[in-house]
Protein chains: 2
Amino acid sequence: MGERENKKQRTRRDLADAAVGLFTEHGYDQVTMADVAALAGVSRRTAFRYFPSKEDLVMDYPIAWLQVFEESIEANQGRPLSVRIRTAGHAVAAFIQSDPVAVKQLSALAFAHPALAAKYVSSTRRWAQRLTVEIERDLDGGPEAAAHAQMLAAAVMGIIDSVCEIWATTDQPMEPLLDQGLDLLAAPLSAAAGGHS
Amino acid sequence: MGERENKKQRTRRDLADAAVGLFTEHGYDQVTMADVAALAGVSRRTAFRYFPSKEDLVMDYPIAWLQVFEESIEANQGRPLSVRIRTAGHAVAAFIQSDPVAVKQLSALAFAHPALAAKYVSSTRRWAQRLTVEIERDLDGGPEAAAHAQMLAAAVMGIIDSVCEIWATTDQPMEPLLDQGLDLLAAPLSAAAGGHS
DNA sequence: AGGGAATTGTCACTCAGTGCCAATCGTTGG
DNA sequence: CCAACGATTGGCACTGAGTGACAATTCCCT
């Protein structure tokens, strides 16, 4: 918490801001890592120390949402799974709307470029695995429970991804979308998961 | 038909085979495009002309499955959507099992490496869009039908992806997995889609 | 056989990403 | 306040993916 930590956080934000600005103005492919570093006032090498890849420059917020999602899932251990997932979704929506920066612009950027979309989607795979073990626990381990849980988790993440995408690229509010999406999986979610009392 | 087309197909296969062999033996990151090209007996530049990126060396078969899926969807225009999707899934399973090469080894490779998994998943996004318009047509255009269709398509693709992944990384047969997975979405699929008579 | 088009190889380049080392800056103890 | 220490930074050089341009080669057609 000294000057050092302070400066690091500032540099990180400078880089991310410079990236979003340059990317939206000139396009992701036309901007080099050196450009971003220069605008942020650091060397190319340092930029790579803060963000291991060019794509990561834009992934801070999406990653943060997923973290909120996971924390909310874990915070409500006792409840039925369907409720926990829905609650977590709304926590993410609240988190996003409380955010001062131009998250939407950033998200639209991420979903527009194939490389960024791929990076984002692949980062959701980790959370899908996390969701899988959660669902599996609620399933009380039948024989093919593992596969069942994995597929259900993939479906949930698919819906969450597309909710984010629709929200980022249109003007629809997030909460109704989320409810509508999760309703699609209401039956399998509540069927197998009544809380593990 | 001529010698030219013949040779091109052979070169393409040589490159893909060389890639799978080298990747499984030494690991994706340890093998360079030059290595693959050398083993296939062509220049580095030519290798890039056949496969626009290193990842694509391994994507021919996954892409082919998705194509089979789409063709089956289109071939059964009259039927209810849920039936069409299920039928298409089984068409893919049949296609895979009729395949002489070590598809499974290749698939396991693709799902193991983050870059390859990302590439594959992002390629499924195009088919999800295709599925979306199909679902949307069956929905008879309600007000928020577009979003509904997009989310449902994402869920279907999520399930298909994870079916492929489970199949590639375990010993479970594909068809039961697919049926089990699509059952999760039985309600929303059949509810809104009774064929458009 | 020979002209023409497609394919291939070579060269040179940009840029992402990384290891290494010296310089610099913030921190901490005197 | 100063010196020593450790963390951060910048510069340099390198590997490897991907691309454009052009000359050489190969196949096709007449």
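Reckoned from all heavy atoms, side chains included, excluding hydrogens, waters and symmetry mates. All chains are named by letter (A, B, ...) in the order of the sequence lines, taking the proteins before the strands, and each is independently numbered beginning at 1.
- To the nearest angstrom, P of D:dG16 lies 8 Å from CG of B:Asp35.
- A salt bridge between A:Arg10 and A:Glu3 is present, with a side-chain N of the basic residue lying under 4.0 Å from a carboxylate O of the acidic one.
- If you take CD of B:Gln30 and P of C:dT18, they are 13 Å apart, rounded to a whole angstrom.
- The separation between B:Met33 atom CE and C:dA16 atom C1' is 17 Å, rounded to whole Å.
- Taking the charged nitrogens against the carboxylate oxygens, B:Arg130 and B:Glu74 do have a contact shorter than 4.0 Å, which makes a salt bridge.
- Atoms CD (B:Glu3) and P (C:dA6) sit 18 Å apart, rounded to a whole Å.
- Distance, A:Phe48 CZ to C:dC20 P: 18 Å, rounded to whole Å.
- Under a 4.0 Å N-O distance rule, the pair A:Asp60/A:Arg13 does not qualify as a salt bridge.
- Between A:Asp171 and A:Lys104 a salt bridge is recorded (basic side-chain N to carboxylate O distance below 4.0 Å).
- Between B:Arg86 and B:Asp183 there is a salt bridge, since at least one side-chain N of the basic residue sits less than 4.0 Å from a carboxylate O of the acidic one.
- In this structure, CG of B:Asn6 is placed 9 Å from P of D:dC28, rounded to the nearest angstrom.
- The backbone N or O of B:Ala186 lies less than 3.5 Å from a partner atom in the side chain of B:Ser190, making a donor-acceptor pair.
- Taking atom NZ of B:Lys54 as the reference point, atom P of D:dT15 lies 16 Å away to the nearest angstrom.
- Within residues 109-122 of chain B, no residue has any heavy atom under 4.0 Å from DNA chain D.
- For A:Arg125 and B:Glu165, the salt-bridge test passes: some basic side-chain N is under 4.0 Å from an acidic carboxylate O.
- Between the CZ atom of A:Phe23 and the P atom of C:dC15 there is a distance of 13 Å, given to the nearest Å.
- B:Val36 comes within 4.0 angstrom of nothing in the nucleic acid, heavy atoms only.
- A cation-pi contact links A:Lys54 to A:Tyr28, judged by a cut-off of 6.0 Å to the six-membered ring centre and 45° from its axis.
- Taking A:Tyr120 as the reference, A:Phe111 meet the ring-ring contact (aromatic ring centres under 6.0 Å, His included) condition, with sequence neighbours excluded.
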Where along nucleotides 7-14 of chain C does protein come under 4.0 Å, by heavy atom, of base (B) or sugar-phosphate alone (S), with - for untouched nucleotides?
-> SBBB----
